[in-house]
Amino acid sequence: MVTKILDYIDGQWTDARAGDQLNVVNPAYGAVIGEVVMTPQSVVGQAVEAGHAAFLEWRRVPVGERIQPLFKLKALLDEHLDEIARVITNECGKTYAESVGELRRGIENVEVACGIPSLIQGYNNEDIASGIDEHMFRQPLGVTVAITPFNFPGMIPLWFLPYAVACGNAFILKPSEKVPMTSAKLFELIAQSGFPKGVIQLVNGSKETVDALLDHPQVRAVSFVGSTPVAKYIYSRATANGKRAQCQGGAKNPVVIMPDADMDMTTRIMADSAFGCAGQRCLAASVAITVGDARRTFSEQIADAAAGRVVGYGLDDGVQMGPVITAESKTRIEGIIAKGEQSGAASVLVDGRGRGVSGYEDGYFLFPTVLDNVDPKSEIANTEIFGPVLSLMHAQTVDDAIALVNDRAYGNMACIFTASGAVARQFRNEADAGNVGINIGVAAPMAFFPFSGWNDSFFGDLHGQGRHGVEFYTQTKVVVERWPREWSRQF
Ligand code: NAD
């Protein structure tokens, strides 16, 4: 069955018929499962205007009442977890367990945003001069927008939506056109949560729809998650139009393996980090840098783990890794591996190309791949592959390994596996990345911490989640006031 995915505008499911349509494909089957509308500029304009009208009322709703629909949404998300997780697996390809995991991380953000009455508080001073007081209040901005990627269709919209609306803004989601069915499910629940019409809206589409949002004068803030070239483009166009922007980009995450690390634990965690979600995580380990004797043991063990990973359709029992998102993505990744091998920049230790999954011959499967002796200066060492490919590099000392970690344009995550507190402490201090893991493979911050990408992995200053989210979605107003006693009637 092919599902038609509509927009949700001003409290109504809307068919933006003037726009084109795109097919949504299940990457395990290679079969069309949905059609999504590409919302044209005129309909985007209607959504922004409806959002602005809703904002003018919503911002006056007391903050304790604004969070009540979020409690309802959290309960509905818990109740429908299984159903949404299946949708994620079917359009995105990851395993059922991975889909449940990402939803739980998304729900965590709804929970944190339920604490906005405390988080949004300002501060004040009495008597900054004789009889004069000064206060800082946080006020909402207006219509806010998030443009999200394909790889976490349940979690990433929830990095932004709950904070935006609890702070008193209107919010419009433009999800990835590759995975719009998860957002449609989320919006079925949002529609039952009790938000006034126009406060939360969904517009589907790709570049034309995004550009219409970036250029609309009533859009005040833009959150983006996706690849670095698009993050740069969106950051420059949004800020040139006078909007706030926070744009999370791509990654190439290095992990240092010290010889004193617990090698069994390290291998298990590293295999999940590199090959989980078919390597399509912005926090995937994509470069492992061994130090000294760790080279031999880790290389052997990770090669075994890669070769033994069970690949297939994510709803089938026992499957540990699903397909990559599209046929183009598979071809692109295979091309990067071939180029790295042919140029002598890497040797292929475990080759995941040219293998299929029985019963799913049309799926976009690429098996785990390990590249050895990757030249740190080569193109392959510096390209975000975004597939199940782990590159091995080797260093003699921790200083050399940290130099390799920091010789990268991205800065989303860096990790180290070691039994030494002193080495871990040096790494924590010197690694040039915003999210650091120590004996952790995917250092994903909890919802009450900022998702702190650096360098080419982030454009802006306030990150998503937690207190940064509250600051991003509010503007500070400072009031200085004097009330002379003699102006009051004597009581
Ligand atoms: P993408 O950049 O292709 O698309 C992201 C969003 O931007 C989609 O909604 C898409 O419709 C829109 N878009 C694409 N091209 C556009 C253009 N030219 N103009 C305007 N809008 C455009 O990213 P993707 O392939 O969906 O996701 C994978 C990327 O996202 C990877 O690079 C990954 O590292 C990154 N990512 C980063 C984080 C993070 O937290 N830093 C998290 C998840 C994913």
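Whatever order the structure lists them in is the order used to number ligands and atoms, beginning at 1. By convention here, the first residue in the shown sequence is residue 1.
Residue Phe386 touches ligand 1 through its side chain alone, judged by heavy-atom distances below 4.0 Å. With a 4.0 Å heavy-atom cut-off, ligand 1 is reached by no atom of Tyr410. Of all the heavy atoms of Asn151, the ones lying under 4.0 Å from any atom of ligand 1 belong exclusively to the side chain. Looking at Thr148 against ligand 1, only its backbone comes within 4.0 Å, counting heavy atoms. The residue Ile325 has no part lying near ligand 1, judged by heavy-atom distances below 4.0 Å. Only the side chain of Tyr233 comes within 4.0 Å of ligand 1, judged by heavy-atom distances.
Heavy-atom proximity to atom 32 (O) of ligand 1, evaluated over Glu384, Glu208, Arg237, is greatest for Glu384. Relative to atom 41 (N) of ligand 1, the option among Gly249, Ser457, Ala251, Gly453 with the closest non-hydrogen atom is Gly249. For the residues Val225, Val230, Thr326, the heavy atom positioned nearest atom 5 (C) of ligand 1 is part of Val225. Considering only non-hydrogen atoms, atom 38 (C) of ligand 1 lies nearest to Cys282 out of Gly464, Ser286, Cys282, Gly205.
Within the listing of ligand 1, atoms 6 (C), 7 (O), 9 (O) sit less than 4.0 angstrom from a heavy atom of Ile147. Within the listing of ligand 1, atoms 40 (O) sit less than 4.0 angstrom from a heavy atom of Phe451. Every atom of ligand 1 is numbered from 1 in the order shown, and the set under 4.0 Å from a heavy atom of Glu177 is 10 (C), 11 (O). Atoms of ligand 1 found under 4.0 Å from any heavy atom of Ile156, numbered from 1 in the order shown, are 42 (C), 43 (C). The ligand atoms of ligand 1 that sit less than 4.0 angstrom from a heavy atom of Lys174 are 8 (C), 9 (O), 10 (C), 11 (O). The distance from ligand 1 to the heavy atoms of Ser176 drops below 4.0 Å at these ligand atoms: 9 (O). Which parts of ligand 1 touch Trp159 is read off a 4.0 Å heavy-atom cut-off, strictly below it: atoms 40 (O). Near Ser227, meaning under 4.0 Å from any of its heavy atoms, are these atoms of ligand 1: 1 (P), 2 (O), 23 (O), 29 (C), 30 (O), 32 (O).
Shown here, atom 19 (N) of ligand 1 is in close reach of the protein: a heavy atom of it lies under 4.0 Å off.
When hydrogens are left out, the protein atom nearest atom 35 (C) of ligand 1 is Gly226 O, 3.1 Å; that is the closest non-hydrogen contact. For atom 27 (O) of ligand 1, the closest non-hydrogen atom on the protein side is Pro149 CB, 3.3 Å. Taking atom 21 (N) of ligand 1 as the reference point, the nearest protein heavy-atom neighbour is Val210 CG2, 3.6 Å. In terms of protein heavy-atom proximity, atom 26 (O) of ligand 1 is nearest to Phe150 N, 3.1 Å. With respect to atom 40 (O) of ligand 1, the closest heavy atom belonging to the protein is Gln248 NE2, 2.7 Å.
Here the rule is ring pair (Phe, Tyr, Trp, His ring centres under 6.0 Å) with Trp159, and of Phe451, Phe472, Tyr473 only Phe451 fits it. None of Val370, Thr369, Val324 except one satisfies the side chain to side chain contact (heavy atoms under 4.5 Å, CB included) rule with Pro388; the exception is Val324.
The minimum heavy-atom distance between Phe417 and Asn439, with the atom names listed, is CA-OD1, 3.2 Å. When all heavy atoms are compared, the tightest approach of Pro445 to Asn435 is CG-OD1, 3.2 Å. Contact detail for Leu283 and Ser273: the closest heavy-atom pair is O-OG, 3.9 Å.
In this structure, the side chain of Thr95 does not engage the main chain of Val319 through any donor-acceptor pair within 3.5 Å. In this structure, the side chain of Arg408 engages the main chain of Leu404 through a donor-acceptor pair within 3.5 Å. At least one donor-acceptor pair under 3.5 Å links the side chain of Thr209 to the backbone N or O of Thr39. Looking at Asp432, its side chain never comes within 3.5 Å of a backbone N or O of Gly411 through a donor-acceptor pair. Under a 3.5 Å cut-off, the side chain of Asp372 and the backbone N or O of Val350 do not form any donor-acceptor pair.
Ring planes of Phe459 and Tyr235: tilted class, angle from 30 to 60°. Relative orientation of the Phe187 and Trp13 rings is perpendicular, given thresholds of 30° and 60° on the angle between their planes.
Side-chain contact annotation: Glu91 with Thr182, donor-acceptor N/O pair under 3.5 Å present.
Any N or O atom pair closer than 3.5 Å counts here, and Thr228 shares no such pair with ligand 1. The shortest N or O to N or O distance between Phe224 and ligand 1 is not below 3.5 Å.
Taking 4.0 Å as the cut-off between side-chain N and carboxylate O, Glu341 and Arg353 count as a salt-bridged pair.
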One pair to check against salt bridge (Lys or Arg N to Asp or Glu O under 4.0 Å): Asp272 and Arg309. What are the steps and the verdict?
CA-CA 10 Å; Asp272 178 64; Arg309 205 151 182 95; 3.7 Å; yes
